[in-house]
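Here's the structure we're looking at; comments come further down.
Counting convention: from 1, in listed order, for ligands and their atoms alike.
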Amino acid sequence: MKVLVTGGAGFIGSHLAEAMLDKGHDVTILDNLSTGRLKNIAHLEKNPNFHIVIGDILNEFLVDKFVERADWVFHLAAAVGVQLIVKDPLRSLMTNIRGSETIFESVYRYHKKVLITSTSEIYGKNISAALKEDDDRILGSPLKSRWSYSTSKAVDEILAYTYWREKNVPTVIVRLFNTVGPRQTGHYGMVIPRFVEQALKGEDITVYGTGEQSRCFLYVKDAVSGIIKLMEHPDALGKVFNLGNQAEVTINDLARKIITLTNSSSKIVHIPYDEAYEEGFEDMQRRVPDTTRARQLVGFNPTIKLDDLLNMVIAEFQTQMSPAAKIS
Ligand code: UDP
């Protein structure tokens, strides 16, 4: 199978590219390196089935050229990270909406199968104990960047679904909940790499708000395995699937856990959202997925527990921060 992965140099995209190569497929990644990094895919470069295209999903000619050559398209290129979205809202919107439009026009033109990764941000402020795919979205003002981002990803989902319903384009939609693992950086706001780095450096751990908000963290390889199985399954077409872990942790407990696991002298400090992000910023207090649909169709069942996941991230940061790594 010839596979195109947009955003393939990113955190999740690089793990997906690797997994598809391991399955014997021919993989091309398209990435503009805005948040993706060449070092995420450096270990794949020697594989003759791996091809890198540095370019933008807003470039229709480029997208067309590589979609035409592919059998399957995994569309992961998107604006990621709450901090980036707040800092750069216009670019985030353009990447998500115009970029996805370009991809869908192209897969329609060449009738290719496409899977698009969406996000649990879709549900907004819905704090249900287990969010099902058909649950309501509860959003604040569209003038707040977090909710406009949520809306932009909803537009992507609508595009995918409408192309399927009206034009028979084979599409699958996946909503990822807080995905974590090696190669994720804290630069765009993601909490686990940020806390791990702070703990290892002995700096204050910056908990935003009260810290009583909670999240469920999914190991990136569990996410990738779910993504691939859904792409492979004919009955996933035209449907949306939550992929996430159901074990919930508050951000305060997460900070304490990371301090213990790293044996750190760091202290926890609480920072108001207005200071951490922007005035009027609203967080989600809770976000727990119901993954019954993916479990029933493809046996999705995350394997890695939070402590093991944290130890993996800690080990990666320790290696990166070691004196040997700094010299080389
Ligand atoms: N968070 C925090 N300190 C940080 C970064 C994030 O307390 O340095 C909080 C953030 O406010 C949110 C949670 O951790 O409540 C998860 O944040 P992340 O950006 O990783 O994911 P998302 O908000 O998209 O779920």
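Ion pairing of Glu157 with Arg175 is present here, as a side-chain N (NZ or NE/NH1/NH2) and a carboxylate O approach within less than 4.0 Å. The pair Asp26-Arg69 fails the salt-bridge criterion, with no side-chain N (NZ, NE, NH1 or NH2) lying under 4.0 Å from an Asp/Glu carboxylate O. The pair Arg109-Glu68 does not count as a salt bridge, with every side-chain nitrogen at least 4.0 angstrom from each carboxylate oxygen.
No donor-acceptor contact under 3.5 angstrom links the side chains of Asn126 and Ser128, judged on distance only.
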Original post:
Where do Phe300 and Phe241 land on the ring pair (Phe, Tyr, Trp, His ring centres under 6.0 Å) test, with the steps shown first?
Top reply: CA-CA 10 Å; Phe300 174 72; Phe241 297 88; 10.0 Å; no

Give me the pairs of N or O atoms, one from ligand 1 and one from the protein, that sit under 3.5 Å apart.
| from | atom 1 | to | atom 2 | distance (Å) |
| --- | --- | --- | --- | --- |
| ligand 1 | 3 (N) | Thr206 | O | 2.7 |
| ligand 1 | 7 (O) | Tyr208 | N | 2.7 |
| ligand 1 | 8 (O) | Arg194 | NE | 2.8 |
| ligand 1 | 8 (O) | Thr206 | O | 3.4 |
| ligand 1 | 8 (O) | Thr206 | OG1 | 3.3 |
| ligand 1 | 8 (O) | Tyr208 | OH | 3.4 |
| ligand 1 | 11 (O) | Asp283 | OD2 | 3.3 |
| ligand 1 | 15 (O) | Gln213 | NE2 | 3.0 |
| ligand 1 | 15 (O) | Asp283 | OD2 | 2.5 |
| ligand 1 | 19 (O) | Gly189 | O | 3.4 |
| ligand 1 | 20 (O) | Val191 | N | 2.8 |
| ligand 1 | 21 (O) | Asn178 | ND2 | 3.3 |
| ligand 1 | 23 (O) | Arg146 | NH2 | 3.0 |
| ligand 1 | 23 (O) | Arg215 | NH2 | 3.3 |
| ligand 1 | 24 (O) | Glu121 | OE2 | 3.3 |
| ligand 1 | 24 (O) | Arg287 | NH2 | 3.3 |
| ligand 1 | 25 (O) | Asn178 | ND2 | 2.9 |
| ligand 1 | 25 (O) | Arg215 | NE | 2.5 |
| ligand 1 | 25 (O) | Arg287 | NH2 | 2.3 |

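Rounded to the nearest 0.5 angstrom, Tyr123 OH and Arg286 CZ are separated by 14.5 Å.
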